[in-house]
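Just below is one structure, and these are the notes that go with it.
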Amino acid sequence: MPSLPQILLLAAAAVATNLVCLATAATKPSSGCGKSPPTLTAGGNHTLTVNDKSRWYLLNLPAAYNNTHPYRLIFTLHAAGGNSSMVAAGQGGYLPWYGLPPYTADSLGAIYVAPNGLDRGWANRGGEDVTLISEIARSIKSDFCVDESLVFSVGFSYGASMSYALACGMAEQFRAVAVQSGGNMSGCATGTLRQPVALYGQHGVDGDLNITTARAIRDQFVAVNGCQPSTTVAPAVGSGSHTKVEYQGCKEGYPVTWIEYDGGHTPQPRDKGQTVTFAAEETWKFFGQFK
Ligand SMILES: *[C@@H]1O[C@H](CO)[C@@H](O)[C@H](O)[C@H]1NC(C)=O
Ligand SMILES: *[C@@H]1O[C@H](CO)[C@@H](O)[C@H](O)[C@H]1NC(C)=O
Ligand SMILES: *[C@@H]1O[C@H](CO)[C@@H](O)[C@H](O)[C@H]1NC(C)=O
Ligand SMILES: *[C@@H]1O[C@H](CO)[C@@H](O)[C@H](O)[C@H]1NC(C)=O
Ligand SMILES: *[C@@H]1O[C@H](CO)[C@@H](O)[C@H](O)[C@H]1NC(C)=O
């Protein structure tokens, strides 16, 4: 019969083995791994037809794309009045690809996709924009090497609303979404979020889109992700600061982080005296915790 210390050792070994299994099982190489992409210069403009409508997106591959390396896949969605080119170039208020590439230039790397909305927005009529992104994801995953457990969406305003719609409609495909100054203009196919998806949210206390709706969206993630509700404190108007809450008790792998800032409707909110937005860094802190 094993002695007590031996039993503890065996138990520790079992836990360690499980941890290793979890870490390994977490990588889900897509069917595009090992495949040569259709053209090696596959970055740039891509077109497809969805519901009889011609649609397009910009694709940005890592400089030294390696077809056996499973990359993160990050969707970057423009706001109302925006387009894919503005997100890619960092024009009209955005940082290029929401300011994430400097952070994702690590050992994992990332493939970026900026889909273009219809009429410069994401009305998602009849779910057509969720279908678009689902089709793009399918095509990228089958042509390129993606870690299917590391798929993300970030967007500001209408792009945030659409990221919420993706969490509702494609929960099983998204590791996390970043809803920056979101509203509910793209809807939620399931009425309310039904499956857990990790959430990073930020919203200005005096933004154009009512913060009450943004908090209601957040609370759907808090509930479905199993987090304990928490009191959040809005920063005082005029303080030039932001407050951040990391919800506790969420299901493993489904955290929620929420920031309210003193300011209006902008993709690049800044604290008083700062020259750089906290949005990119905080979004990355959130996405980057998933390996
Ligand atoms: C991408 O191609 C589509 C379809 O030809 C076109 O409408 C769109 O303007 C192009 N985008 C860019 C950035 O060139
Ligand atoms: C490509 O990625 C694979 C898997 O991550 C790695 O083993 C290999 O060394 C990489 N090749 C190059 C040339 O970096
Ligand atoms: C994107 O919007 C900018 C600003 O309105 C415009 O100059 C540019 O032509 C648009 N690009 C495409 C491809 O529609
Ligand atoms: C968003 O709109 C949809 C209707 O499309 C509704 O079912 C859902 O509950 C709304 N979500 C929030 C947070 O108000
Ligand atoms: C935001 O919505 C809440 C609840 O519907 C409402 O009480 C409040 O007046 C709205 N705020 C603004 C600025 O429209």
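Just follow the structure's listing: the first ligand is 1, and inside any ligand the first atom is 1.
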For ligand 4, output the ligand-protein N/O contacts shorter than 3.5 angstrom; if there are none, return none.
unit_1, atom_1, unit_2, atom_2, d
ligand 4, 2 (O), N184, OD1, 3.4
ligand 4, 2 (O), N184, ND2, 2.4
ligand 4, 7 (O), G191, O, 2.9
ligand 4, 9 (O), G191, O, 2.6
ligand 4, 11 (N), Y164, OH, 3.2
ligand 4, 11 (N), N184, ND2, 2.9
ligand 4, 14 (O), N184, ND2, 3.3

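- Side-chain contact check for S84 and H78: no donor-acceptor pair (N or O, by modelled atom type) lies under 3.5 Å.
- Residue R120 approaches ligand 3 through these ligand atoms, each under 4.0 Å from one of its heavy atoms: 1 (C), 2 (O), 3 (C), 4 (C), 5 (O).
- Using the six-membered ring where Trp is involved, Y57 and H46 have ring planes that are parallel, under 30° apart on the 30 and 60° scheme.
- Under the disulfide bond (SG atoms under 2.5 Å apart) criterion, no residue pair touches residues 85-125, with sequence neighbours excluded.
- S85 and Q91 share no side-chain donor-acceptor pair at under 3.5 Å.
- If you number the atoms of ligand 1 from 1 as listed, the ones under 4.0 Å from a heavy atom of T47 come out as 2 (O), 4 (C).
- For Y65 and Y71, the ring centers sit closer than 6.0 Å to each other.
- For ligand 1, the atoms closer than 4.0 angstrom to any heavy atom of S85 are 13 (C).
- At a cut-off of 3.5 Å, with distance as the only test, a side-chain donor of W258 or E260 sits close to an acceptor on the other residue.
- One side chain, Y164 or Q220, offers a donor N or O that lies under 3.5 Å from an acceptor on the other.
- Taking the six-membered ring for Trp, F156 and H265 have ring centres closer than 6.0 Å.
- Taking the ring centre of Y112 as origin, the terminal cationic atom of R72 falls outside the region bounded by 6.0 Å and 45° from the ring axis.
- The proximity of Q91 to ligand 3, defined as any non-hydrogen pair under 4.0 Å, does not occur for either the backbone or the side chain.
- Short contacts between ligand 3 and N83, defined as distances under 4.0 Å to a heavy atom of the residue, involve ligand atoms 1 (C), 2 (O), 3 (C), 8 (C), 10 (C), 11 (N), 12 (C), 14 (O).
- At a 3.5 angstrom cut-off on N or O pairs, W56 does not count as close to ligand 3.
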